[in-house]
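Computation of the quantities below employed the complete heavy-atom set of this structure, encompassing side-chain atoms and omitting hydrogens, waters and symmetry-equivalent molecules.
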Amino acid sequence: MTDAAQRGRLRARSLGVVPGTLPTGPLNAITDVDGVLVGHTTLDDGAELHTGVTAVVPPRLGLPAAVHTGNGYGKLVGSTQVDELGVLESPIVLTATLSVFRAADAVLTYLMRLRPDGLSFNPLVGETNDGHLSDIRRRPITEQHVLDALDGASGGLPAEGCVGAGTGTTALGYKAGIGTSSRRLTAGGDPVTVGALVQANFGGVLTVQGTPMPVEELLPGVRDEQPPGNSCMIVIATDAPLDARRLGRLARRAIFAMGRVGASYAHGSGDYAIAFSTAPPQREPLPDDRLDPLFAAVMDAVEEALLNSLFTATTTTGVHGRTSHALPYDRLPVHPGTAG
């Protein structure tokens with residue numbers, strides 16, 4: 001049983017919300033891509049600290065990768081070297097805005113441990129601002145918190161909602177957090193898996209399969225107080241053979257998918273997507289005219305991951321008494337089904 005299920009929260013499919021027609025992987029998670037691991041460290045004191053670390057660990061380093069910046073109002077440490085070389089040289093770590101630099105230094109410790117003779121490293125660390133619910137100026141993330149997330153990363157269904165880097169996030173007016181999803185398809189005649197993981201903390205009006213669901217309608221008497229400085233981090237993993245340029249095309253579609261759930265793409269929203277491929281390096285990249293199924297898979301997986309980040313999150317009261325409310329299931333225009 002997942003953490004969200006233990007808290008009485010359900011994933012989108014269990015509520016009858018099924019984006020697209022492609023099948024999911026067995027876990028419906030980024031960890032359906034063979035060798036990809038996820039780890040969390042959660043800091044939640046029930047009062048003023050609601051923050052943490054989420055790590056996506058690839059099966060090996062040196063993989064082809066790309067970053068797409070939807071809006072660059074953020075701190076994605078290490079992104080320029082990924083842009084320049086098209087190579088992922090570290091795990092991907094997500095945390096809170098003011099902890100991103102300490103987290104990057106911790107990833108450096110991790111990488112130096114892997115390569116005792118190394119003289120240059122490129123930690124890749126992203127963030128969203130959880131200061132609406134957490135006392136972000138305390139910068140509580142330590143090196144050990146990051147190393148725990150990295151060393152504890154595993155396969156299986158990652159915890160979603162109020163965990164890790166999503167512990168204190170808010171999206172579309174509701175409590176949000178970490179979400180994940182996957183799709184399976186055929187591309188270039190071969191079976192392919194695409195997985196997505198998101199740290200959702202952005203503004204707009206929640207839209208579920210085309211139906212707007214503003215806070216004022218679903219939660220009568222609750223004001224839609226969306227915090228400034230919202231952002232979204234998206235990680236895409238695939239075993240499709242793709243080079244950095246083609247992975248950049250996938251990353252762009254990941255940002256597009258935010259619009260499906262009602263993102264406002266606001267001035268202060270740092271929206272980034274990171275995509276990497278685990279395919280063996282000797283395989284030829286898929287030609288561009290074979291990418292359409294992958295584009296669809298990315299869009300659907302990111303949409304569902306974003307919805308999962310909201311559907312699995314729980315109401316949280318944090319610093320200064322601010323509260324982000326969980327999305328109420330009974331007001332959705334769908335009914336719980338039997339899908340997992």
Side-chain angles (χ1 to χ4, degrees), residues 3-4 7 9 38 40-56 70-71 73-76 92-100 103 125-141 145 149 158-180 196-206 215 224-235 258 261-266 268-273 302 305-320 322-327:
D3 289 349
R7 296 191 300 267
R9 301 295 288 175
V38 174
H40 299 297
T41 300
T42 300
L43 280 67
D44 190 338
D45 66 359
E48 295 188 343
L49 281 183
H50 304 272
T51 192
V53 178
T54 294
V56 178
N71 189 54
Y73 200 143
K75 294 84 186 159
L76 180 51
I92 299 161
V93 167
L94 308 176
T95 189
T97 302
L98 298 189
S99 294
V100 70
V125 181
E127 51 80 25
T128 71
N129 193 311
D130 58 17
H132 183 67
L133 292 175
S134 189
D135 186 358
I136 195 169
R137 290 179 60 87
R138 284 170 62 177
R139 295 181 291 166
I141 299 300
H145 292 139
E160 297 175 284
C162 304
V163 295
T167 304
T169 63
T170 296
L172 303 167
Y174 300 94
K175 184 65 186 76
I178 298 295
T180 188
L197 182 139
V198 303
Q199 178 192 20
N201 192 52
F202 56 96
V205 176
L206 174 62
V215 171
D224 184 2
E225 296 181 351
Q226 299 191 22
N230 291 345
S231 300
C232 188
M233 291 296 310
I234 305 171
V235 180
M258 293 172 59
V261 299
S264 60
Y265 299 108
S269 187
D271 304 322
Y272 299 89
V302 172
L306 290 168
L307 293 174
N308 283 337
S309 77
L310 286 139
F311 286 18
T312 58
T314 54
T315 296
T316 301
T317 297
V319 68
H320 305 307
R322 301 186 189 112
T323 298
S324 287
H325 295 270
L327 180 69

**Prompt:** With distance as the sole test, does Thr180 use its side chain to make a donor-acceptor pair with the main-chain N or O of Ala196 at under 3.5 Å?
**Reply:** yes
**Item:** Residue Tyr265 excluded, over 12 heavy atoms near OH under 6.0 Å
**Value:** yes
**Prompt:** Are side-chain heavy atoms of Ile136 and Thr51 found at a separation under 4.5 Å?
**Reply:** no
**Asked** Nearest heavy-atom pair of Asp44 and Thr167: which atoms, and what distance?
**Response** OD2-CG2, 4.0 Å
**Request:** Step by step, work out the side chain to side chain contact (heavy atoms under 4.5 Å, CB included) result for Asn129 and Tyr73.
**Result:** CA-CA 11 Å; Asn129 193 311; Tyr73 200 143; over 6 Å; no
**Message:** Using modelled atom types and a 3.5 Å cut-off, is there a donor and acceptor pairing between side-chain atoms of Glu127 and backbone atoms of Lys75?
**Reply:** yes
**Request:** Of all the heavy-atom pairs spanning Val53 and Ala149, show the shortest one and how long it is.
**Result:** CG1-CB, 3.8 Å
**Request:** Measure from the side-chain N and O atoms of His50 to the backbone N and O of Thr316, and report whether any donor-acceptor pair falls under 3.5 Å.
**Result:** no
**Request:** For Leu94 and Ala165, work out which heavy atoms get closest and say how close.
**Result:** O-CB, 3.4 Å
**Asked** For the residue pair Asn230 and Asn201, what are the closest heavy atoms and their distance?
**Response** CB-O, 2.7 Å
**Asked** Minimum heavy-atom separation for Ala266 to Asn71, with atom names?
**Response** O-ND2, 3.5 Å
**Prompt:** Hey, does the side chain of Ser264 reach the backbone of Gly203 with a donor-acceptor pair shorter than 3.5 angstrom?
**Reply:** yes
**Asked** Out of curiosity, Thr41 OG1 to Ile141 CD1, how far, rounded to the nearest 0.5 Å?
**Response** 7.5 Å
**Message:** My understanding is that only one of Leu76, Asp271, Val198, Ile178 makes a side-chain contact (heavy atoms from CB on, under 4.5 Å) with Met233; could you say which?
**Reply:** Leu76
**Message:** So does Gly74 get a backbone contact from the side chain of Tyr272, meaning a donor-acceptor N/O pair under 3.5 Å?
**Reply:** yes
**Asked** At what distance, to the nearest 0.5 angstrom, does NE2 of His132 lie from NE2 of His320?
**Response** 10.5 Å
**Request:** Specify the closest pair of heavy atoms between Arg138 and Leu49, including all atoms of both residues, with the distance to one decimal.
**Result:** NH2-CD1, 3.5 Å
**Asked** Side chain of Thr315, backbone of Ala326: donor and acceptor closer than 3.5 Å?
**Response** yes
**Item:** Ser231 (side chain) donor-acceptor with Ser269 (main chain) under 3.5 angstrom
**Value:** no
**Item:** Side-chain touch Lys175/Leu133, heavy atoms, less than 4.5 angstrom
**Value:** yes
**Asked** Are the side chain of Gln199 and the backbone of Thr95 linked by a donor-acceptor contact shorter than 3.5 Å?
**Response** yes
**Asked** Do side-chain atoms of Thr312 reach the backbone of Gly161 as a donor and acceptor pair under 3.5 angstrom?
**Response** yes
**Request:** Kindly indicate, with the supporting measurements, whether the criterion side chain to side chain contact (heavy atoms under 4.5 Å, CB included) is fulfilled by Leu310 and Leu306.
**Result:** CA-CA 7 Å; Leu310 286 139; Leu306 290 168; 5.5 Å; no
**Asked** For the atom pair OG1 (Thr170) and NE2 (His325), what is the distance rounded to the nearest 0.5 Å?
**Response** 10.0 Å
**Message:** Counting only heavy atoms from other residues, nucleotides and ligands, does the tally under 6.0 Å from CZ of Arg139 exceed 12?
**Reply:** no
**Check: Thr97 side chain, Thr128 main-chain N or O, donor-acceptor pair, under 3.5 Å** = yes
